[in-house]
Amino acid sequence: MENEGKMENNNPEKKAAIPAPEKPKVPNNSAPVEDNDPLKKKPKGFKFNIYWIYALLIGGLIALQYFASSKTASKEIGMDYFLTQVLPTHDVERIVIVNKQEAEIYIKKEALKKDLYKEVLHTQFGTENAGPHLHFNIGTPEVFAKELETGMKDWNEAEKIHPDYSDRTSWGEGLLNWLPMIFLLVLMFMMFFRSTGGRMGGGGGPASIFNIGRSKAKLFDKDDKVNITFDDVAGLDEAKEEIKEIVDFLKNPKKYTKLGGKIPKGALLIGPPGTGKTLLAKAVAGEAQVPFFSISGSDFVEMFVGVGASRVRDLFNQAKEKSPCIIFIDEIDAIGRARGKGMVQNNDERENTLNQLLVEMDGFGTDVAVILLAATNRPDVLDSALMRPGRFDRQISVDRPDVKGREAIFKVHLKGKQLAEDIDAKKLAQQTPGFAGAEIANVCNEAALIAARKNKEKIEMKDFQDAVDRTIGGLEKKNKIISPEEKEIVAYHEAGHAVCGWFLEHADPLVKVTIVPRGVAALGYAQYLPKEQYLYTIEQLTDTMCMSLGGRAAEDIVFGRISTGAQSDLQHITKLAYSMVTNYGMNNKVGHISFYDPNNEYGFQKPYSEHTGQLIDEEVRKMISDAFQKTRRLLVEKRDKLEIIAQELLSKEVLFQADLERLIGKRPFDNKPIVNVVEHEEPAVQPNENGKENLP
């Protein structure tokens with residue numbers, strides 16, 4: 001039962017430290033030598049911001065309005081007070097009605113010395129107050145006129161005061177009244193454009209809303225140079241050899257161009273996730289010490305029409321200005337998918353972006369030292385125009401490392417860790433077949449965390465074994481409650497896998513079997529040591545199917561019934577059987593035919609008739625049935641071995657290769673001892689895509 005516990009993380013990058021440049025010595029009685037090292041960051045001075053101008057203007061307007069409103073000492077009074085206390089004194093020089101709402105009263109200069117007006121004699125700045133001295137709200141002009149006429153009815157005509165009317169507009173007060181609303185609108189404006197990817201300001205940077213068509217590529221140059229070299233990339237020797245020529249061209253382009261040679265314009269890094277494609281691209285930039293543009297394929301496409309194509313043009317224009325340089329597009333399948341496939345017609349913008357990328361790549365000249373690197377784990381979906389000569393001339397495979405590559409990767413990630421004396425990178429590499437660089441880095445980190453959790457001074461081999469178990473099967477479920485009946489079923493199920501792996505000639509040797517629950521749904525699993533090979537025969541694939549069916553067959557033999565524990569086993573063997581019939585041509589009735597369609601050329605239609613489809617189903621069913629009967633016959637023959645292993649699992653829960661050799665003897669098909677045998681206290685853990693077994 002398979003437990004796909006692969007981690008799809010990028011290979012962690014180990015950055016080489018840059019030694020600090022030595023300062024020039026200053027001789028005695030001499031001026032200090034100026035440090036012109038371009039790699040040393042110089043302190044940044046004050047940078048003027050245009051927002052300071054806006055702030056000063058607003059502050060000046062507020063201060064001007066405050067000064068204008070406070071330069072007089074006009075006292076507010078009530079209209080009744082004016083009519084009864086001020087008007088009868090005959091001290092009023094004139095009255096001004098402002099905007100038909102407010103009355104401004106000017107007092108005669110000689111009368112200002114009275115105690116009644118001492119508060120308005122001078123302004124708050126100490127100068128003599130020229131008026132207005134008093135003000136009040138009149139209500140309406142008609143009412144005020146009647147009240148004023150009543151107050152002056154006993155006056156002679158020469159003494160009577162006739163109000164002047166004035167319409168005024170105070171721009172300062174209007175601005176102050178509207179200032180909160182203006183501030184709120186500006187704030188909303190800024191929040192809106194920041195939420196849509198733009199920044200308010202006149203900087204004109206790549207993220208400005210007015211520069212949405214600018215490239216989002218991050219430039220590593222000068223102070224931000226990439227410091228990763230090929231020494232930091234382990235386990236990819238073949239890929240490094242293929243890409244070294246690009247580095248040599250960037251360092252010395254005339255060496256090739258003077259002979260009429262043309263350097264490949266693009267190199268496509270192809271491989272599973274976590275194998276180090278991005279790390280290898282950075283190492284190229286680090287070795288060549290040239291500017292390095294890094295961008296993701298999804299950064300080109302936006303909801304706005306034409307933005308993707310504009311960003312492609314801008315990126316290549318920047319690259320030509322910085323040449324020699326490297327452009328690295330990660331996950332290029334986001335924009336490089338094959339055109340014209342699928343029924344949905346809403347991908348015009350993505351296709352326009354791809355068309356512009358094709359045009360830019362075709363427009364390079366031989367004397368333009370700009371190299372395009374791209375990475376993808378889906379080469380089958382890329383457009384054929386991208387793969388033709390003249391664009392991505394080279395396709396470099398970055399596959400999962402072999403045992404030597406894994407050993408080199410382990411040595412890189414073990415540096416800087418406190419290790420026990422028994423740690424052997426070669427043994428760890430042998431115990432992790434199929435692991436990519438990112439998964440190896442995760443194992444090393446998990447081992448350190450496990451050792452720290454146990455308060456150890458150094459990381460021991462058992463910590464690495466536990467880390468591999470956790471990477472494959474997940475976290476151990478110590479508190480998971482399993483009934484005795486279920487535990488017995490799990491024990492016989494895993495014992496069936498163990499017996500099949502031990503006595504089938506072409507099966508991978510078993511090195512560990514356990515009924516300890518792990519992960520979300522794994523109640524137990526078996527681990528095997530696979531061979532480092534790329535080609536498989538019919539006998540090997542058939543024994544692999546039998547080994548996967550061992551748990552289901554054991555349940556049927558011992559209990560006379562089956563459980564749901566074989567779900568992942570059945571999924572694995574069904575997929576394998578269909579691949580043998582339809583992809584590998586390993587069936588006599590169907591024939592030597594492959595219906596494999598990586599480029600989806602057939603679309604939604606099957607490349608075979610209904611009759612052939614029925615024949616395929618029948619042959620797959622027969623193939624699985626024959627494998628089950630073969631497995632059942634083997635377990636019936638080895639029933640005593642099945643009982644021994646099951647009872648020992650119920651007692652100890654975990655058995656290793658040494659335990660199996662003690663219980664049922666050495667594996668009959670082993671011509672030489674397995675290289676990963678370790679002590680009982682330090683179990684050997686051997687993950688394998690086709691051999692990891694777990695019971696959901």
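Residue numbers count from 1 along this sequence. Only a predicted model underlies this, so the values are computations on that prediction, with no experimental measurement involved.
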S.K.: What is the distance from atom CZ of Phe230 to atom CG of Leu279, rounded to the nearest 0.5 Å?
M.R.: 10.0 Å
S.K.: Testing the basics here: between Ala495 and Ala646, what is the closest heavy-atom pair and its distance to 0.1 Å?
M.R.: CB-N, 3.8 Å
S.K.: Looking at Asp466 and Lys462, does any basic side-chain N land under 4.0 Å from a carboxylate oxygen?
M.R.: yes
S.K.: Which heavy atom of Leu570 sits nearest to which heavy atom of Arg552, and what is that distance?
M.R.: CD1-NH2, 3.6 Å
S.K.: Could you grab the distance from atom CG of Leu386 to atom CD1 of Ile332, nearest 0.5 Å is fine?
M.R.: 5.5 Å
S.K.: Please assess Glu555 against Ser563 for the test side-chain hydrogen bond (donor to acceptor under 3.5 Å, both in side chains), listing each intermediate value before the final yes or no.
M.R.: CA-CA 8 Å; Glu555 293 180 25; Ser563 69; 2.8 Å; yes
S.K.: If you take all heavy atoms of Val403 and Ala429, which pair is closest and at what distance?
M.R.: O-CB, 3.5 Å
S.K.: Take Tyr578 and Glu619 through the side-chain hydrogen bond (donor to acceptor under 3.5 Å, both in side chains) test and state the conclusion after the steps.
M.R.: CA-CA 9 Å; Tyr578 270 104; Glu619 290 302 306; over 6 Å; no
S.K.: Sub-3.5 Å donor-acceptor pair from the side chain of Thr275 to the main-chain atoms of Pro272, do we have one?
M.R.: yes
S.K.: So, taking the atom named OG1 in Thr544 and the one named CD in Glu539, what distance separates them when rounded to the nearest 0.5 Å?
M.R.: 11.5 Å
S.K.: Return the minimal non-hydrogen interatomic distance between Lys458 and Ala420, and the atom names on each side.
M.R.: CB-N, 3.9 Å
S.K.: Indicate yes or no: does Lys622 engage Asp626 in a salt bridge with an N to O separation below 4.0 Å.
M.R.: yes
S.K.: Before giving the answer on side-chain contact (heavy atoms from CB on, under 4.5 Å), spell out for Trp502 and Lys641 the whole-Å C-alpha distance, their side-chain angles and the decisive distance to 0.1 Å.
M.R.: CA-CA 10 Å; Trp502 203 258; Lys641 307 294 191 300; over 6 Å; no
S.K.: Looking at Gln395, I want to see if its CD is surrounded by more than 12 non-hydrogen atoms of other residues, nucleotides or ligands under 6.0 Å.
M.R.: yes
S.K.: Would a 4.5 Å heavy-atom cut-off, applied to side chains only, mark Leu649 and Val513 as touching?
M.R.: yes
S.K.: Please check: side-chain N/O of His497 versus main-chain N/O of Met547, any donor-acceptor pairing under 3.5 Å?
M.R.: yes
S.K.: Does a side-chain heavy-atom distance below 4.5 Å link Pro401 with Leu236?
M.R.: no
S.K.: Without swapping roles, check the side chain of Glu643 against the backbone of Asp640 for a donor-acceptor pair under 3.5 Å.
M.R.: no
S.K.: Kindly indicate, with the supporting measurements, whether the criterion side-chain contact (heavy atoms from CB on, under 4.5 Å) is fulfilled by Ile243 and Ile396.
M.R.: CA-CA 8 Å; Ile243 211 168; Ile396 301 174; 4.1 Å; yes
S.K.: A quick test of your reading: do over 12 heavy atoms of other residues, nucleotides or ligands sit less than 6.0 Å from NZ of Lys417?
M.R.: yes
S.K.: More than 12 foreign heavy atoms under 6.0 Å from OH of Tyr584: is that the case here?
M.R.: no
S.K.: For Tyr596 and Thr582, run side-chain contact (heavy atoms from CB on, under 4.5 Å): C-alpha distance rounded to whole Å, both residues' side-chain angles, the deciding distance at 0.1 Å, then the answer.
M.R.: CA-CA 7 Å; Tyr596 183 54; Thr582 62; over 6 Å; no
S.K.: Can you tell me how far the CG atom of Leu549 sits from the CD1 atom of Ile624, to the nearest 0.5 Å?
M.R.: 7.5 Å
S.K.: When you look at CZ of Arg621, are more than 12 heavy atoms from neighbouring residues, nucleotides or ligands closer to it than 6.0 Å?
M.R.: no
S.K.: Salt bridge check: are Glu653 and Lys487 linked by an N-O gap of less than 4.0 Å?
M.R.: yes
S.K.: Working to the nearest 0.5 angstrom, can you tell me the gap between Cys444 SG and Leu419 CG?
M.R.: 8.5 Å
S.K.: Taking all non-hydrogen atoms of both residues into account, name the closest pair between Thr631 and Ala553 and its distance.
M.R.: CG2-CB, 3.9 Å
S.K.: For residues Glu331 and Asp333, determine if any side-chain heavy atom of one lies less than 4.5 Å from a side-chain heavy atom of the other.
M.R.: yes
S.K.: Under 4.5 Å between any side-chain heavy atoms of Arg378 and Arg337, yes or no?
M.R.: yes
S.K.: Can Phe628 and Cys546 be said to form a side-chain contact (heavy atoms from CB on, under 4.5 Å), step by step?
M.R.: CA-CA 6 Å; Phe628 182 79; Cys546 293; over 6 Å; no
S.K.: Under 4.0 Å between a side-chain nitrogen and a carboxylate oxygen: does that hold for Arg632 and Asp556?
M.R.: yes
S.K.: Do Asp659 and Ile645 make a side-chain contact, defined as non-hydrogen atoms from C-beta onward lying under 4.5 Å apart?
M.R.: no
S.K.: Taking Gly271's backbone N and O only, do any of them form a donor-acceptor pair with Lys277's side chain (distance below 3.5 Å, no angle check)?
M.R.: yes
S.K.: Less than 4.0 angstrom from a charged side-chain N to a carboxylate O is my criterion; do Lys411 and Glu407 meet it?
M.R.: yes
S.K.: Answer yes or no: is there a side-chain heavy-atom contact under 4.5 Å between Leu635 and Val558?
M.R.: no
S.K.: Is the NZ or CZ atom of Lys282 both under 6.0 Å from the centre of the six-membered ring of Phe328 and within 45° of that ring's axis?
M.R.: no
S.K.: Less than 4.0 Å between a side-chain N and a carboxylate O, is that true for Arg453 and Glu446?
M.R.: no
S.K.: Just by distance, do the side chain of Ser651 and the backbone of Gln647 share a donor-acceptor pair under 3.5 Å?
M.R.: no
S.K.: If you compare all heavy atoms of Ala334 against all heavy atoms of Gly297, which two are closest, and at what distance to 0.1 Å?
M.R.: CB-C, 3.8 Å
S.K.: Should we count CG of Asn588 as having more than 12 external heavy atoms under 6.0 Å?
M.R.: no
S.K.: Heavy atoms, side chains only, cut-off 4.5 Å: are Lys240 and Val233 in contact?
M.R.: yes
S.K.: Give a yes or no answer on whether the side chain of Ser609 reaches the backbone of Thr612 with a donor-acceptor pair at less than 3.5 Å.
M.R.: yes
S.K.: Backbone N or O of Arg400 within a donor-acceptor pair of the Arg406 side chain at under 3.5 Å?
M.R.: no
S.K.: Side-chain contact test, heavy atoms from C-beta onward, threshold under 4.5 Å: evaluate it for Lys630 versus Met545 and give yes or no.
M.R.: no
S.K.: Out of curiosity, Lys606 NZ to Phe595 CZ, how far, rounded to the nearest 0.5 Å?
M.R.: 11.0 Å
S.K.: Answer yes or no: does atom NZ of Lys456 have more than 12 heavy-atom neighbours from other residues, nucleotides or ligands under 6.0 Å?
M.R.: yes
